[in-house]
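Structure first, then comments.
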Amino acid sequence: MLLAHNYQRPEIQDAAHFVGDSLELSLKAVEVGAEVVVFAGVDFMAEQAAILNPGKVVLHPEPLSKCPMAAMLTPEVARRYREKHPGAPFIVYVNSSARVKALADYVVTSANAAALVSQLDADTVLFGPDRHLAEYVAEKTGKTVIPVPGFGHCPVHLAITRSDLERAKREHPGAKVLVHPECTRDVRALADFIGSTSQMLRAARELGARKYVVATEVGLVHRLSMLGFEAYPASPYGVCPDMKKITLDSVVRAVLERRGVVRVDPRVAERARKAIENTFELLGVSVPWRRS
Ligand code: 13P
Ligand code: SF4
């Protein structure tokens with residue numbers, strides 16, 4: 001079974017059995033009956049699929065496809081913040097390593113981060129590694145959200161500037177604007193909708209426009225075009241080189257040669273899985289891998 005993230009190259013999206021955002025892909029990896037899952041996405045996504053599927057073989061076709069933001073939060077830094085703020089729940093974004101997830105109380109994606117934090121019985125929380133998503137969660141919930149570390153960011157979303165977006169709006173009059181919460185606050189301020197990649201796709205149907213400008217990685221333009229919308233990137237610089245490292249050739253090689261088997265230390269995986277389960281439980285969603 002080939003699962004692909006919304007930012008993958010168009011030909012990989014077209015070949016995949018399922019294309020989705022981080023949350024959907026995690027759930028899909030559990031639901032599918034296949035013994036072998038080929039995960040076309042960056043390192044932490046394949047790792048999360050392996051964490052949730054100890055009985056399946058998860059193949060990551062290109063081991064060098066790594067999210068730089070996930071690498072910005074090390075277990076050592078996570079431990080230091082926890083020690084400094086002992087009463088604050090520690091929420092980590094799915095864009096993080098298994099070892100960091102194993103230190104967290106909750107693991108969220110951009111699709112459920114604000115909902116989770118609003119449910120917590122705490123006014124101050126620790127959130128890492130994306131400081132822009134942390135800021136967005138603070139705006140949505142009114143809580144104090146301490147970014148862990150202070151500088152965590154996605155270089156791809158940071159490259160999308162407000163003036164890029166203003167130019168794209170001028171060039172495509174009447175287009176509505178979809179923004180990923182990893183963007184800076186001044187870009188988010190111009191949004192008609194803010195959400196995860198798949199939430200943006202659903203919003204495009206609901207907002208009722210024919211034309212969209214998207215402030216996120218350019219892969220989403222292909223997804224929107226496949227749904228029949230006119231879609232334009234907010235910036236030509238919004239390209240994630242790590243997502244694009246996976247090619248059809250590397251997918252075929254992974255399958256034929258069983259290359260790129262993802263392995264996670266079982267003790268780390270168990271602790272990380274618990275933090276992921278905590279999120280589903282608090283949000284009142286039945287834990288998919290516990291369903292009979
Ligand atoms: P989504 O969960 O919205 O698909 O985002 C993942 C990601 O890496 C965004 O840069
Ligand atoms: Fe990481 Fe940004 Fe690429 Fe998403 S777009 S995988 S956050 S570098």
*Can you see which heavy atom on Pro75 is nearest to which on Leu103, and at what distance?*
O-CD1, 3.6 Å
*asked:* Is any side-chain heavy atom of His132 closer than 4.5 Å to one of Leu158?
replied: yes
*Could you walk me through whether Tyr232 and Glu171 pass side chain to side chain contact (heavy atoms under 4.5 Å, CB included), step by step?*
CA-CA 10 Å; Tyr232 304 95; Glu171 285 169 3; over 6 Å; no
*Would you name the heavy atoms of Ala215 and Ile160 that are closest together and state the gap between them?*
C-CD1, 3.9 Å
*Joint cluster assignment, Met45 & Ile246, ILVMFWY side-chain distance < 4.5 Å*: no
*asked:* I'd like to know if Lys169 and Glu166 make a salt bridge, using a cut-off of under 4.0 Å between side-chain N and carboxylate O.
replied: no
*Heavy-atom closest pair, residues Pro54 and Arg273*: CG-NH1, 3.7 Å
_Hydrophobic cluster membership, with links at side-chain heavy-atom distances under 4.5 Å among I/L/V/M/F/W/Y: are Phe18 and Val57 in one?_
no
*Are Glu217 and Lys244 ion-paired here, with the side-chain N under 4.0 Å from a carboxylate O?*
yes
*Treating Ile, Leu, Val, Met, Phe, Trp and Tyr as nodes and any side-chain heavy-atom pair under 4.5 angstrom as an edge, say whether Val177 and Val156 lie in one connected cluster.*
no
_I'd like to know whether CZ of Arg202 has more than 12 heavy-atom contacts from other residues, nucleotides or ligands below 6.0 angstrom._
yes
*Is a salt bridge present between Lys101 and Glu47, judged by a nitrogen-to-oxygen distance below 4.0 Å?*
no
*What closest approach, in Å, do Pro61 and Ser250 show between heavy atoms, and which atom pair accounts for it?*
CB-O, 3.6 Å
*Which pair of non-hydrogen atoms, one from Ala98 and one from Val264, has the smallest distance, and what is that distance?*
CB-CG1, 3.8 Å
*Fit a plane to each ring of His5 and Tyr7, take the angle between them on a 0 to 90° scale, and name the class: parallel (under 30°), tilted (30 to 60°) or perpendicular (over 60°).*
perpendicular
*Who else is in the cluster with Leu207 when I, L, V, M, F, W and Y are joined by side-chain contacts under 4.5 Å?*
Leu178, Phe193, Met200, Leu201, Tyr212, Val214, Leu220, Val221, Leu224, Leu227, Phe229
*Can you check side chain to side chain contact (heavy atoms under 4.5 Å, CB included) on Ser235 and Leu165, steps first, answer last?*
CA-CA 7 Å; Ser235 164; Leu165 178 51; over 6 Å; no
*Can you find a pair of side-chain heavy atoms, one from Tyr136 and one from Cys183, that are under 4.5 Å apart?*
no
*Same apolar cluster: Val19 and Leu23, side chain cutoff 4.5 Å*: no
*Of the options Leu116, Val107, Leu27, which is the one that meets Phe280 in a side-chain contact (heavy atoms from CB on, under 4.5 Å)?*
Leu27
*Let me see the working for Val36 and Arg258 under side chain to side chain contact (heavy atoms under 4.5 Å, CB included), right down to the final yes or no.*
CA-CA 9 Å; Val36 180; Arg258 287 249 172 154; 3.3 Å; yes
*asked:* Testing the basics here: between Ser198 and Asp21, what is the closest heavy-atom pair and its distance to 0.1 Å?
replied: OG-N, 3.1 Å
*Verify the neighbour count for atom NZ of Lys66: are there more than 12 heavy atoms of other residues, nucleotides or ligands below 6.0 Å?*
no
*Counting only heavy atoms not in Arg99, do more than 12 fall under 6.0 Å of its CZ?*
no
_Is the shortest side-chain heavy-atom distance between Pro149 and Leu73 below 4.5 Å?_
yes
_Other residues, nucleotides and ligands only: do more than 12 of their heavy atoms fall within 6.0 Å of NZ on Lys140?_
no
*Would Arg188 and Glu135 count as a side chain to side chain contact (heavy atoms under 4.5 Å, CB included) if you check the C-alpha gap in whole Å, the side-chain angles of each, and the deciding distance to 0.1 Å?*
CA-CA 11 Å; Arg188 295 196 305 269; Glu135 184 184 66; 2.9 Å; yes
*CD (Gln119) with more than 12 external heavy atoms under 6.0 Å*: yes
*Has Glu257 got more than 12 heavy atoms of other residues, nucleotides or ligands less than 6.0 Å from its CD?*
yes
*Should Leu126 and Tyr106 be regarded as members of a common hydrophobic cluster, given that ILVMFWY residues are connected when their side-chain heavy atoms come within less than 4.5 Å of each other, either directly or indirectly?*
yes
